[in-house]
Number of protein chains: 4
Amino acid sequence: MGEVKTPEPSRRSERSHQAILTAAVELVGEVGYARLTIEAIAARAGVGKQTIYRWWPSKGAVVLDAFVSLSGGNEPAALPDTGDLEADLKMVLRATVEELTDPRFELPSRALTAESQSDPALSQQFVEAVLRPHLTAIQERLRAAQRAGQVAKGVDLSVAVELIVGPLFHRWLLRTAPLTKAYADTVAELAVAALRPASRKPRG
Amino acid sequence: MGEVKTPEPSRRSERSHQAILTAAVELVGEVGYARLTIEAIAARAGVGKQTIYRWWPSKGAVVLDAFVSLSGGNEPAALPDTGDLEADLKMVLRATVEELTDPRFELPSRALTAESQSDPALSQQFVEAVLRPHLTAIQERLRAAQRAGQVAKGVDLSVAVELIVGPLFHRWLLRTAPLTKAYADTVAELAVAALRPASRKPRG
Amino acid sequence: MGEVKTPEPSRRSERSHQAILTAAVELVGEVGYARLTIEAIAARAGVGKQTIYRWWPSKGAVVLDAFVSLSGGNEPAALPDTGDLEADLKMVLRATVEELTDPRFELPSRALTAESQSDPALSQQFVEAVLRPHLTAIQERLRAAQRAGQVAKGVDLSVAVELIVGPLFHRWLLRTAPLTKAYADTVAELAVAALRPASRKPRG
Amino acid sequence: MGEVKTPEPSRRSERSHQAILTAAVELVGEVGYARLTIEAIAARAGVGKQTIYRWWPSKGAVVLDAFVSLSGGNEPAALPDTGDLEADLKMVLRATVEELTDPRFELPSRALTAESQSDPALSQQFVEAVLRPHLTAIQERLRAAQRAGQVAKGVDLSVAVELIVGPLFHRWLLRTAPLTKAYADTVAELAVAALRPASRKPRG
DNA sequence: ACTTAAACGAGACGGTACGTCTTGTCTTGCC
DNA sequence: GGCAAGACAAGACGTACCGTCTCGTTTAAGT
């Protein structure tokens, strides 16, 4: 995931490839993303710098690949569907809070989000590889709820997903307040209320 | 705003101070934050590098000060209160979309958000100086609505604020989809629905 | 000329061999010896790098072979013997000046002389392949002159040869002054005077 | 000696300057010129690479300065004048042979001569700083001899000097044969014979 | 003609050094 | 005596080549 450049990938050394990803993961944990250097990755991986530059366009791209390979298998697949939307959402949002708070994921995630601000291509890859599966899983659960009449017919589910996760990321990224499970619960409750088919709209 | 270091501030050259902020604003617009250097700011401002290092701890801090001085007076003060919460929120969210899309603000904002990921001190200053006034203004409007019975009594308004702005920032920061005024409207509608007192959720 | 390594020479591709020498000659003329690279020779010759490393031990060795193949046939054979030693020497020294000044020969010659300073093996090959024939030709002419009584009996002719060509190379290599045919003539006259059988030695 | 570039020399750190020259001398002795790198000089000298690139245009220029500062004071001044030209020349040529054979001088000298082949500016500086004093000293001795009637009136002394030293350098640079004191003596004898006024050549 | 082992082109690899750039500190000399 | 100017040590950048090492693919001997 990530290479778009020219060289013949069949001749790629899988040994070096893995060593680079491993070294990147280790080093980003040890010194942080800002003080992470290509030279250090190459040295730690026992690899020439050119081998990194040959296959990745930037430091961010290496770290993204490393991060993806790290959180490799744990595709969130689908949310459980207990029939209780609010409970299911609370579960997934609590899990999200836990992940965003786990230092193992927090540092690389913040780094990639930061890097994405100035590198739209990286941003795209980051979202598709890391974020999209989570969003899609939630959206599928919402679709089921919509079919079950727990979510109003007219709601655009892609917006609904961001209504749910947006507040969490906002607090995480901007550190407006501590990111807790209580907050996750409150957001889930409010979101469910927002999506519920209108009993009546008292506005007019 | 921003200085925390030692030297005697009374002897500070206001002329150099302003020149530095101006140069930073110009340069961040010309080359972007990533390629912005302290040396270039000093050169453009006609100032010794030491004069920058003396008063600011990092490149981010200079840019934050420059950004704040740029958007100086326009404190958002308070939201209008037309009595129609949804309409008032749509107005402020549309304005927010406009600002986040305005290249004059977008680049420095993204840069400072990115830099905040690895610099919690900067993050704190950024939030307090730039973001907090907006959040507070929205929260005040919500308090009025709560008093008017348009928002449920039990709702934690600081969470409500993030429910409203979170989805916008999520889309802006992660570029999951284009950030449009239609999206702002939808978010406002859903948020109002979430906060409405109405019948408590019919689930139990 | 030059190969000392192991592989079976009968299977050598003459096509590649020639292409390499041609490419080396062209490139040394285009970019000079210092900026000449094995990679560039291989690319220009349409040859794998290994094919060069297989048959030559160093860049200098390739260029030496290329240079020898360039100045291939024109073995100086023997000097003319008009009976007038001084005239014959002037002729050969003037020709030498011309060659040392001809850009076609000057650049590779200087490069190989330079390289020889740090590579005695190359030095040996260079001297034997390029220089020795010239020196030998002059020495033969001196031997004839010695037989004819124009050169003193006791003179060591190998030293005499270097007395003649040394001053030319000195000026060429060290650029102490322009290398001209007038200088060649003067050197020839002085050398002949040095070698002439002593009328008497007015020293004692 | 050597700097031709822009920066203000008054602010130059004499400490770093000396450390660089010392490191260069040491390293050229330890690993030879070809394997000498700017990086190693900087590391050994405890100096940033830029400090070298700021003040010298090339590796050769650094080594030349280092070499000159090494052989700093020992200006050859003037040759002794015992009245016996041949004896005096033998003395100086033997000394030259000794110097050219002394490893302390041989390696840098060969390196600078080699480098001069592709860098005429360096060549010029090398000749003027290192070689010219020797040549001038010999030329002065020859002038005295010419006044004393031991050298023919019409002889161009600058050519005469190269007649004397050229054969030595020829053998040293091209390694046509071992460079010995016996060779130096023979060259001196032949040179004196060449320059002697005596009976004009009996040829015409 | 068939086999087989080499030499071949291509080019990825681990490395080294390049010359440039930027950082944050230190120094000099002008005003 | 405060400040611009800029030299300095440090070290990462991205590039260029080095010489070695696979890869298939010719190619030429020796069957």
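So that the names make sense, note that chain A is the first sequence line, chain B the second, and so on, each numbered from 1.
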Notebook entry, point to check: If you take atom types as modelled and just measure distance, does the side chain of D:Lys49 reach the base of E:dG19 with a donor-acceptor pair under 3.5 Å?
Noted result: yes
Check: Has A:Thr51 got a side-chain N or O lying under 4.0 Å from the OP1 or OP2 atom of E:dG14?
Finding: yes
Note to self: Measure CZ/B:Arg35 against P/E:dT23 and give the value in whole Å, please.
What the structure shows: 14 Å
Note to self: Can you tell me if A:Trp55 touches the phosphate of E:dC13, counting only side-chain N or O atoms and a distance under 4.0 Å to OP1 or OP2?
What the structure shows: yes
Margin query: Quick check on contacts: within residues 19-27 of chain C, what sits under 4.0 Å from DNA chain E by heavy-atom distance?
Written below: none
Notebook entry, point to check: Would D:Arg12 and D:Trp55 satisfy side-chain contact (heavy atoms from CB on, under 4.5 Å), going step by step from the backbone distance to the final call?
Noted result: CA-CA 9 Å; D:Arg12 185 169 194 175; D:Trp55 299 109; 3.3 Å; yes
Next item on the list: Measure the shortest side-chain to side-chain distance between C:Gln125 and C:Leu64 over non-hydrogen atoms and say whether it is less than 4.5 angstrom.
Entry: yes
Item checked: CA sep, side-chain torsions, deciding dist, call: B:Thr37, B:Glu39, side-chain hydrogen bond (donor to acceptor under 3.5 Å, both in side chains) -> CA-CA 5 Å; B:Thr37 65; B:Glu39 297 222 308; 5.9 Å; no
Check: Taking side chain as C-beta onward, heavy atoms only, is D:Leu27 less than 4.5 Å from D:Arg44?
Finding: yes
Check: Any sub-3.5 Å donor-acceptor pair from B:Thr51's side-chain atoms to B:Val47's backbone N or O?
Finding: no
Next item on the list: Report the C-alpha distance between D:Arg54 and D:Glu8 in whole Å, list the side-chain angles of each, state the deciding distance to 0.1 Å, and finish with yes or no for salt bridge (charged side-chain N to carboxylate O under 4.0 Å, His left out).
Entry: CA-CA 10 Å; D:Arg54 183 152 36 230; D:Glu8 173 56 41; over 6 Å; no
Item checked: Nearest-nucleotide comparison on DNA chain E, the residue closer to the 5′ end among C:Gln50 and D:Ser10 -> C:Gln50
Check: Relative to the ring of C:Phe126, is the ring of C:Phe67 parallel (under 30°), tilted (30 to 60°) or perpendicular (over 60°)?
Finding: tilted
Check: Which part of the nucleic acid does B:Ser16 contact within heavy-atom distance under 4.0 Å: base, sugar-phosphate only, or nothing?
Finding: sugar-phosphate
Next item on the list: To the nearest 0.5 angstrom, please state how far the CG atom of C:Leu112 sits from the CD atom of D:Gln117.
Entry: 11.0 Å
Next item on the list: Can you pull out how bent the helix from E:dA1-F:dT31 to E:dC31-F:dG1 is, comparing the axes over its first five and last five pairs, to 10°?
Entry: 30°
Check: Any side-chain heavy atom of C:Leu107 sitting closer than 4.5 Å to one from C:Val28?
Finding: no
Margin query: One pair to check against salt bridge (charged side-chain N to carboxylate O under 4.0 Å, His left out): B:Glu115 and B:Arg110. What are the steps and the verdict?
Written below: CA-CA 8 Å; B:Glu115 205 69 359; B:Arg110 284 193 187 278; over 6 Å; no
Margin query: At a heavy-atom distance below 4.0 Å, which nucleotide of DNA chain F is the first touched by chain D, and which is the last?
Written below: F:dA5 to F:dA12
Next item on the list: For B:Gly48 and for A:Leu36, locate the closest nucleotide of DNA chain F by heavy-atom distance; then report the residue assigned to the nucleotide nearer the 5' terminus.
Entry: B:Gly48
Check: Using a cut-off of 4.0 Å on non-hydrogen atoms, how would the nucleic acid contact of A:Glu8 be classed: base, sugar-phosphate, or nothing?
Finding: sugar-phosphate
Next item on the list: Write down the distance between CD1 (C:Ile52) and P (E:dA10), rounded to a whole number of angstrom.
Entry: 12 Å
Next item on the list: Could you check A:Ala45 against D:Glu39 and say which one's nearest nucleotide on DNA chain E is further toward the 5' end?
Entry: A:Ala45
Margin query: Quick check: on DNA chain F, is the nucleotide nearest C:Ala40 upstream (toward 5') of the one nearest D:Arg11, or the reverse? Name the residue that is more 5'.
Written below: D:Arg11
Next item on the list: Using a 4.5 Å cut-off on heavy atoms from C-beta on, say whether the side chain of B:Val130 contacts that of B:Val68.
Entry: yes
Margin query: Determine whether a donor-acceptor pair (N or O, by modelled atom type, separation under 3.5 Å) exists between the side chain of A:Lys59 and the backbone of A:Tyr33.
Written below: yes
Checklist line | Interatomic distance, A:Arg54 CZ vs E:dG15 P [rounded to whole Å] | finding: 13 Å
